[in-house]
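Worksheet for the structure shown next.
In what follows, chains are A, B, ... by sequence order, proteins preceding strands, each numbered from 1.
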Amino acid sequence: VTDSSPTLDTTQLLKGVLDLAVLAVLRDEDGYGYDIVRRLREAGLAEVGDASVYGTLRRLFASGALSSYVVPSEEGPHRKYYALTPTGTELADGATVSWREFAGVLDGLLAGNGNGEEKAA
Amino acid sequence: MTDARVDTYLAALRDHLGALPEQEREELLADLAANLEETAADTSGPLAEVLGEPEAFARELLVSSGTTAVLTAPSFLTSASRATRESRAWRHVGPWLKKVQPAWWVLRGYVAAVALAGLTGGSATSVPPRLGDSAALGLLLVGGCVVGSVWLGERTTGRRRAYAILPNALLAVAALALVASIHRDIANGTDQAYPFAKVQAPGFEKLPDGVRSKLEVVPGAKQLRIVVPRIVIAPAPQVVIPPRIRR
């Protein structure tokens with residue numbers, strides 16, 4: 001299938017960096033599932049899927065990067081808030097460094113039209 | 001307050017998440033319920049327009065949560081009932097069925113009473129059914145069964161409905177058996193509940209071809225008679241049917 005779309009498939013890009021995006025949102029402020037989805041979309045990740053955010057939260061929680069607490073809600077079911085644990089903060093810091101390096105390399109590649117390495121500074 | 005769209009969506013997700021251990025699955029769905037309620041509050045259309053189809057949502061959920069569990073296909077029964085509920089026809093018929101549901105509960109209770117009367121050796125084909133030999137006990141049985149059926153009907157919601165399938169199917173079989181037995185009784189003309197069906201016509205196994213008999217009520221005599229046209233047979237056999245045999 002030769003679907004020569006002019007833009008990059010952002011859903012594919014997102015898959016690699018969703019963990020970091022979620023960690024970044026939670027570094028700002030604790031949040032619950034739908035709230036995090038909304039904040040990611042407001043930040044510009046319009047195509048982020050609800051299910052992948054909920055799944056990512058569960059995985060990060062299971063791995064110890066997040067803790068959770070329940071806040072009663074007046075108008076609906078109780079909300080499960082997530083917060084970064086120290087492990088989560090470390091993970092976020094490490095992932096931030098990785099992302100900056102990666103983005104820098106790619107920026108260099110793009111700026112140099114293929115001869116990125118020397119301009120990657 | 002819960003949104004019906006959320007319940008429907010969650011039920012569909014549940015079907016696809018069958019591979020997860022039950023506790024984990026229910027906890028996951030409970031978490032999702034709170035989030036989906038908010039999604040639903042932000043949109044007036046079907047949730048699938050925002051969230052994608054339940055199957056894709058469940059797949060994405062499993063992949064991103066890093067579990068090794070695989071997506072399960074709902075059983076034929078669940079997918080068939082879901083397809084029915086989501087069909088256009090059901091959207092029209094469904095609300096109406098919901099309205100007449102109490103009538104169905106009453107009918108079900110009655111059928112259950114008839115089945116019980118039949119099982120205990122009473123007369124299932126009389127109206128009301130007799131319990132043993134007693135019409136009064138039969139009436140009591142009908143009352144009890146109808147009340148019980150309505151009570152059960154009101155309590156049977158959501159997932160509990162699955163447990164109603166077998167008893168309802170058994171009752172349907174009982175109802176069919178009852179119809180068949182009434183049919184047979186009428187054909188044989190032997191059941192006392194239908195004395196009028198018994199034909200006594202000495203000398204005549206059956207009427208000659210093309211001759212029609214007709215039923216007549218004899219005023220005041222509590223009798224029915226079958227009259228056969230005079231032109232064909234002389235003397236015309238006047239078939240007298242005994243009055244209803246008293247018990």
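- Using a 4.5 Å heavy-atom threshold, the side chains of B/Leu29 and B/Glu26 count as touching.
- At a threshold of 4.0 Å, the pair A/Arg41-A/Asp50 counts as salt-bridged, since one of the basic side-chain nitrogens sits closer than that to a carboxylate oxygen.
- For residues 58-69 of chain A, the interface with chain B (any heavy-atom pair closer than 4.5 Å) comprises A/Arg58, A/Arg59, sorted by residue number.
- Contacts with chain B (heavy atom to heavy atom, under 4.5 Å) involve no residue of residues 16-30 of chain A.
- Residues B/Leu47 and B/Phe57 are not in side-chain contact: their nearest non-hydrogen atoms beyond the backbone lie 4.5 Å or more apart.
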Apply salt bridge (Lys or Arg N to Asp or Glu O under 4.0 Å) to B/Glu27 and A/Lys80, showing your working. CA-CA 11 Å; B/Glu27 185 223 303; A/Lys80 192 191 244 183; 3.6 Å; yes
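- No donor-acceptor distance shorter than 3.5 angstrom exists from the side chain of B/Ser149 to the backbone of B/Cys145, with no hydrogens or angles considered.
- A salt bridge does not link A/Glu42 to A/Arg38: none of the charged nitrogens lies less than 4.0 Å from a carboxylate oxygen.
- Between B/Trp105 and B/Trp151 the shortest side-chain heavy-atom distance does not fall below 4.5 Å.
- Taking the side chain as every heavy atom from C-beta outward, B/Leu36 and B/Leu51 approach each other to under 4.5 Å.
- One distance of note links OH of A/Tyr82 with CG of A/Asp35; it measures 12.5 Å at 0.5 Å rounding.
- In this structure the side chain of B/Asp42 never reaches within 4.5 angstrom of the side chain of B/Glu38, judged on heavy atoms.
- Interface residue B/Leu28: backbone and side-chain heavy atoms are both found under 4.5 Å from chain A.
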